[in-house]
> 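Right, I'll just put the structure down here and ask away after.
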Amino acid sequence: MSHNHKEDIYTLTENRLIAKNTYRTVFEGYTGHITKPGQFVNIKVEGQFLRRPISVCDYNENNMVLIYKIIGQGTKAMSEAMPGTRFDILTGLGNGYTIRGNKPLLIGGGVGVPPIYCLAKALASDNIKASVIIGFNSVEEVFYYDEFKALGCNVIVTTADGSMGLKGFVTDAIDRFEYDYFYTCGPEPMLKAVYNKTVTEGQLSFEERMGCGFGACMGCSCETKYGSKRICLVGPVLEKNEVIW
Amino acid sequence: MSHNHKEDIYTLTENRLIAKNTYRTVFEGYTGHITKPGQFVNIKVEGQFLRRPISVCDYNENNMVLIYKIIGQGTKAMSEAMPGTRFDILTGLGNGYTIRGNKPLLIGGGVGVPPIYCLAKALASDNIKASVIIGFNSVEEVFYYDEFKALGCNVIVTTADGSMGLKGFVTDAIDRFEYDYFYTCGPEPMLKAVYNKTVTEGQLSFEERMGCGFGACMGCSCETKYGSKRICLVGPVLEKNEVIW
Amino acid sequence: MADTTVKLCGLLLDNPIIPASGTFGFGDEFKNYYDINILGSFVFKGTTKEPRFGNPTPRIAETPSGMLNSVGLQNPGIDAVIERELPRLARTYKKKIIANISGFSVDEFVYCCEKIDKCDIVGAIEVNISCPNVHNGGMAFGVSAANAANVTKAVKAVTTKPVFIKLSPNVTDIVEIAKACEAEGADGISLINTLVGMRINPRTRKPILANTFGGLSGPAVFPIALRMVYQVAHAVNLPVMGMGGVSTAEDVIEMMMAGATAVQIGAANLVNPYVCKEIIEGLSAVMESYKIKALEELKI
Amino acid sequence: MADTTVKLCGLLLDNPIIPASGTFGFGDEFKNYYDINILGSFVFKGTTKEPRFGNPTPRIAETPSGMLNSVGLQNPGIDAVIERELPRLARTYKKKIIANISGFSVDEFVYCCEKIDKCDIVGAIEVNISCPNVHNGGMAFGVSAANAANVTKAVKAVTTKPVFIKLSPNVTDIVEIAKACEAEGADGISLINTLVGMRINPRTRKPILANTFGGLSGPAVFPIALRMVYQVAHAVNLPVMGMGGVSTAEDVIEMMMAGATAVQIGAANLVNPYVCKEIIEGLSAVMESYKIKALEELKI
Ligand SMILES: Cc1cc2nc3c(=O)[nH]c(=O)nc-3n(C[C@H](O)[C@H](O)[C@H](O)COP(=O)(O)OP(=O)(O)OC[C@H]3O[C@@H](n4cnc5c(N)ncnc54)[C@H](O)[C@@H]3O)c2cc1C
Ligand SMILES: Cc1cc2nc3c(=O)[nH]c(=O)nc-3n(C[C@H](O)[C@H](O)[C@H](O)COP(=O)(O)OP(=O)(O)OC[C@H]3O[C@@H](n4cnc5c(N)ncnc54)[C@H](O)[C@@H]3O)c2cc1C
Ligand SMILES: Cc1cc2nc3c(=O)[nH]c(=O)nc-3n(C[C@H](O)[C@H](O)[C@H](O)COP(=O)(O)O)c2cc1C
Ligand SMILES: Cc1cc2nc3c(=O)[nH]c(=O)nc-3n(C[C@H](O)[C@H](O)[C@H](O)COP(=O)(O)O)c2cc1C
Ligand code: FES
Ligand code: FES
């Protein structure tokens with residue numbers, strides 16, 4: 001397969017449990033199609049018909065890091081794959097985050113944290129130190145706190161049960177920061193709460209069940225103030241000012 | 001899984017090309033359900049719904065040898081499996097050959113040869129030296145000639161194109177032997193030719209597309225002079241005198 | 001341990017797991033594999049008035065996540081079933097079974113139901129008006145609501161046992177047919193039977209099945225089965241035995257949420273003879289993982 | 001190199017591979033992936049008189065060897081298609097395409113066909129009377145032979161382009177419906193559209209699709225599609241575009257042996273955007289492996 005193809009074969013080189021039911025996986029292969037934080041890849045998993053969309057958490061020239069939680073059969077099968085296993089993956093999907101603002105606030109919930117890390121890293125390389133709120137149910141689920149710290153971010157962890165950081169939801173931490181723009185990714189109820197709580201413009205990354213992941217099937221359409229948009233193609237990131245709840 | 005189960009997990013320890021498109025595979029695991037030559041096993045292959053029936057070619061306490069030809073997706077997938085791969089296999093299926101006669105003639109064609117080898121070995125351990133005819137299309141397809149020799153059998157190879165042994169079909173060699181009973185396995189046209197050419201009683205091993213392989217679905221029924229029989233349960237071996245063509 | 005019992009037309013089943021007709025014979029083969037008394041019940045192979053050899057072979061073909069069969073109701077006939085199979089079965093199996101009756105005319109259904117009505121071991125009768133393998137072109141008796149109603153009425157007149165009518169999925173309007181059965185007194189509905197399908201061998205350029213067409217079953221049909229069970233369970237006031245592609249305890253739960261009171265397992269038995277045992281053993285844990293206390297009221 | 005050309009109602013196609021409606025948009029996304037001029041042709045997304053957002057999400061669910069969709073004919077409406085999509089497409093795509101027209105009444109079909117008839121790039125019209133996602137309970141317009149005949153007659157009166165009627169597999173008698181279309185002058189038959197199915201999320205105890213039901217497609221339905229193509233191709237004297245679960249060059253051959261003149265690829269495009277390219281590139285070798293010289297006369 002030539003690198004003109006967004007579809008390519010990747011070799012799993014690491015697959016590690018980093019938090020409760022949460023795995024960090026490294027794939028080796030061509031990453032030239034990944035151009036922006038917030039983009040995702042779509043993975044063919046043995047035994048499943050549809051691919052599984054997972055956000056890019058980190059990448060360099062030859063490797064990409066994904067972090068995922070076991071939800072059903074597909075992510076279960078991924079978690080059981082041994083290093084050396086080869087996967088058919090479509091990369092560089094979606095439009096990702098567009099960088100704006102000088103004092104950004106990044107807010108990630110659960111497995112919405114990985115794309116937020118990718119963004120924080122991109123901001124750091126532009127010398128923008130982001131403020132970050134990452135929220136989980138409980139301390140066993142927390143991951144990447146140290147990694148955000150290492151980027152120089154100002155990080156607050158929230159846990160619903162108070163077992164680490166601030167007790168409560170990510171929205172309970174928003175007022176602790178001064179920010180001129182926000183970026184968020186997480187479960188839909190969280191996105192909505194963030195939307196309501198934030199006082200600036202910002203970008204929200206959505207999840208939707210996908211057929212193709214590259215704009216062909218209209219499976220992931222979403223009504224916005226500017227007409228219907230495909231989450232997989234135009235998103236997964238939408239601007240706050242276009243979202244309709 | 002306990003060994004009461006005919007279904008068990010087996011580890012592939014060897015998978016070797018021994019003739020054109022023909023593989024010899026060794027599985028390690030419990031073989032206590034295999035009791036007679038001519039029995040078969042039914043293998044679950046990743047990505048295929050139904051199991052694939054393959055005759056037992058050889059076995060000892062912890063290993064069984066199967067020989068198969070690539071026909072379609074199932075056998076293709078098997079041929080690509082690496083040592084260490086684990087397979088879900090039902091063993092000890094079918095009734096197999098019942099040993100009779102003192103001067104047996106064994107006739108195998110193509111991938112009908114493996115159960116004939118299993119039988120020759122059982123006869124050898126009863127100190128009966130069998131006469132053996134094995135037929136193939138061409139020399140590249142020939143396998144197990146030396147193995148039959150090593151058992152002390154009197155072996156003739158036939159090839160349709162004359163590239164090894166006698167040019168012609170297995171039936172062209174039958175008259176060269178004196179025998180008081182015959183056993184055969186091979187493609188149906190060959191079985192029919194053997195049936196017509198042989199002058200004694202004997203046993204023929206049949207193939208049929210199978211649903212279950214253990215008698216539950218009636219997929220493999222065959223009309224005999226003594227009523228309908230399930231190839232997978234009562235067969236795959238039938239007595240010459242019950243066969244209806 | 002979650003409570004796995006269900007009630008089906010007055011029969012109390014230890015669990016809702018019932019091997020489907022044609023995939024469990026008369027229990028003989030499975031009895032060598034495990035103690036079949038753990039089953040909720042089981043449905044025996046489709047039985048007709050006369051003995052039948054069935055269709056010519058090949059009768060089996062593989063499909064993606066499924067299989068085709070064109071067995072064509074091979075069975076020893078109702079008399080041999082009653083004289084030979086059921087007494088033999090009664091020696092090992094101590095629960096009630098479900099009789100599966102097939103036929104080619106209303107009279108034949110009536111004849112068989114009348115006879116089977118006398119058998120103690122039979123707890124309910126499943127009337128298969130939907131076998132796609134015994135008519136030309138695969139069109140079954142039960143694809144018309146009028147036929148379905150006639151058979152229902154006629155068999156109800158000759159038996160006091162609960163009667164389940166087993167419907168064909170090869171129809172435009174499954175609900176109409178189920179309602180017609182309900183109107184004539186059916187005690188329950190079983191669905192789905194197999195979908196008519198075909199495969200061709202590109203090498204020989206001939207259909208793989210000697211009979212050209214066969215019935216598709218296995219996981220491939222699960223979403224269709226689930227939809228039909230949902231539609232019928234919401235349209236009639238009768239218990240539904242749901243089947244079609246069920247192979248795991250999760251599938252059982254999903255089928256019961258669609259509205260099934262009990263769940264039959266077909267093709268999965270052929271691939272894994274222990275599947276019903278494994279489902280029964282795993283059901284309680286799966287129920288707990290979904291916080292289900294009892295199987296009643298799962299219907300959504 | 002074996003000859004892969006086929007003739008379809010006067011159109012000479014370089015090969016029989018045609019992406020199916022709803023899985024290839026208006027070619028936009030795929031044009032970034034490969035030169036879509038290699039395709040035999042392609043069918044654009046089902047288009048209606050008015051723009052439609054379609055059904056609420058989730059619209060997609062996974063099934064064993066297949067998928068459910070309840071997209072519900074999202075499209076910008078016939079006027080926007082003619083004014084915006086087709087001219088843009090014509091800049092890259094130099095062959096004839098097939099227009100897919102959907103509707104909710106005979107009038108709507110007529111309106112759209114009359115308009116699309118004027119478009120040069122359109123080589124044939126596929127009239128989709130079978131979408132299961134736009135009516136309550138999933139019952140489509142095209143499940144009755146009378147409706148199918150009416151639509152056929154009405155659209156034939158307003159276009160000179162070849163008209164393919166796209167049929168629903170959710171029917172008791174597909175042959176009857178195909179014959180009704182033939183009698184009213186259809187130039188060809190397309191089949192199958194999706195089968196109505198459903199999945200439930202056991203955690204939420206709700207149907208996965210917001211619309212409850214969706215259309216099943218993918219390899220799971222291949223044996224059903226093959227059977228229906230075989231039945232229809234042997235009952236009518238019209239070319240058939242066969243589809244349903246085709247994902248490999250081998251599947252294409254099998255579908256053509258069943259009687260299809262051309263073969264559409266649907267769900268497989270979604271899983272592998274390069275699938276049509278791979279099939280086209282591999283077709284000739286597969287033909288040679290089966291000793292097929294030309295694709296005509298493959299029908300068995
Ligand atoms: C753009 C995008 C980015 C994502 N990034 C991540 C990530 O970085 N880390 C992570 O853990 N998860 C992520 N998800 C969610 C992830 O795709 C699902 O958890 C996963 O597909 C579940 O698959 P499964 O087979 O384990 O579960 P099953 O429930 O068996 O999946 C069945 C089907 O539902 C779909 N599905 C299930 N849950 C979701 C969901 N929440 N969103 C979309 N589709 C779903 C699957 O893709 C599949 O088609 C992302 C989803 C999207 C749309
Ligand atoms: C009792 C028995 C013993 C056998 N022993 C051997 C053996 O020792 N070595 C060997 O190479 N082959 C043997 N075969 C044939 C072997 O089972 C088939 O070649 C194999 O199943 C083909 O699978 P596939 O997926 O490669 O081909 P496919 O053509 O893709 O298979 C599709 C389906 O057809 C069935 N099928 C295809 N060809 C046959 C056939 N000839 N007989 C029965 N079913 C078939 C498959 O099991 C499967 O269900 C035996 C068959 C039977 C019934
Ligand atoms: C090999 C085979 C034989 C069958 N024979 C019968 C039968 O005799 N009577 C009947 O009512 N259904 C018969 N069926 C249909 C099943 O009982 C069941 O309705 C169908 O297979 C769907 O369930 P599944 O997908 O779990 O197999 C048969 C199915 C198979 C696979
Ligand atoms: C996401 C999706 C959208 C579809 N939209 C349409 C449509 O708009 N019009 C139509 O006629 N068929 C539509 N179909 C049906 C396909 O064209 C095709 O008939 C069906 O999917 C069977 O083929 P397959 O199994 O190869 O997918 C759609 C199918 C899918 C999967
Ligand atoms: S998932 Fe297919 S268009 Fe977005
Ligand atoms: S294969 Fe099922 S009875 Fe023989």
Side-chain angles (χ1 to χ4, degrees), chain C residues 61-68 137-139 143-144 168-175 195-207 212-214 216 218-231 245 247 250-251 253-258 286 289-292 298-300, chain D residues 61-68 137-139 143-144 168-175 195-207 212-214 216 218-231 245 247 250-251 253-258 286 289-292 298-300:
Chain C
E62 166 110 11
T63 75
S65 296
M67 64 177 286
L68 295 171
M139 201 72 86
V143 297
S144 104
S168 167
N170 304 290
V171 298
T172 308
D173 189 351
I174 190 91
V175 165
L195 283 134
V196 183
M198 167 180 193
R199 287 303 299 268
I200 295 169
N201 181 339
R203 231 171 289 272
T204 60
R205 303 196 186 189
K206 292 212 177 75
T212 306
F213 304 127
L216 178 66
V221 309
F222 183 63
I224 301 171
L226 203 75
R227 182 264 295 184
M228 290 189 165
V229 167
Y230 180 91
Q231 287 179 319
S247 353
E250 277 84 1
D251 295 344
I253 298 296
E254 203 172 328
M255 196 52 105
M256 295 186 81
M257 286 182 174
V286 171
S289 79
Y290 294 125
K291 305 190 173 48
I292 299 165
L298 268 192
K299 182 170 155 185
I300 64 170
Chain D
E62 166 112 10
T63 75
S65 295
M67 63 178 284
L68 294 171
M139 201 72 88
V143 298
S144 103
S168 168
N170 303 292
V171 298
T172 308
D173 189 351
I174 190 92
V175 166
L195 284 135
V196 183
M198 169 180 192
R199 288 303 298 270
I200 296 168
N201 182 338
R203 230 171 291 271
T204 60
R205 303 196 188 188
K206 291 214 176 73
T212 306
F213 304 126
L216 178 66
V221 309
F222 183 63
I224 301 171
L226 203 76
R227 182 265 293 186
M228 290 190 166
V229 167
Y230 180 91
Q231 287 179 319
S247 355
E250 278 81 4
D251 295 344
I253 299 296
E254 202 172 327
M255 195 51 104
M256 295 187 82
M257 287 182 172
V286 171
S289 80
Y290 293 127
K291 306 191 172 51
I292 298 165
L298 267 192
K299 182 171 155 184
I300 63 171

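So you know, we letter chains A, B, ... as the sequences are listed, proteins then strands, and number each from 1.
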> For D:Thr172 and C:Val171, work out which heavy atoms get closest and say how close.
OG1-CA, 3.2 Å
> Please report the interatomic distance NZ(D:Lys291) to CZ(C:Arg203), rounded to the nearest 0.5 Å.
8.5 Å
> State, with a plain yes or no, whether a side-chain heavy atom of C:Arg227 is found less than 4.5 Å away from one of D:Asn170.
yes
> Please state whether the side chain, the backbone, both or neither of C:Thr212 comes within less than 4.5 Å of a heavy atom of chain D.
side chain
> Name the member of D:Gly66, D:Pro169, D:Gly197 that forms the most heavy-atom pairs with chain C at distances under 4.5 Å.
D:Gly197
> Which region of D:Ile200, side chain (C-beta onward) or backbone (N, CA, C, O), has a non-hydrogen atom less than 4.5 Å from a non-hydrogen atom of chain C, or is it both or neither?
both
> Specify which of D:Pro207, D:Ala220, D:Pro223 makes the most heavy-atom pairs with chain C at under 4.5 Å.
D:Pro223
> Please look at C:Leu226 and chain D and tell me whether the side chain, the backbone, both or neither of the residue comes under 4.5 angstrom of a heavy atom of that chain.
both
> Please give me the minimum heavy-atom distance between C:Ile292 and D:Arg205, naming the atom from each residue.
CG1-NH2, 3.2 Å
> How long is the straight-line distance from OH of C:Tyr290 back to CG of D:Asn201, given to the nearest 0.5 Å?
7.5 Å
> Which bit of D:Ile224 is near chain C, if near means a heavy-atom gap under 4.5 Å: side chain, backbone, both or neither?
both
> What residue in D:Pro219, D:Ala61, D:Ala258, D:Pro202 has the most heavy-atom pairs under 4.5 Å with chain C?
D:Pro202
> List for me each residue that meets ring-ring contact (aromatic ring centres under 6.0 Å, His included) alongside D:Tyr230, sequence neighbours excluded, and say none if there are none.
C:Phe213, D:His234
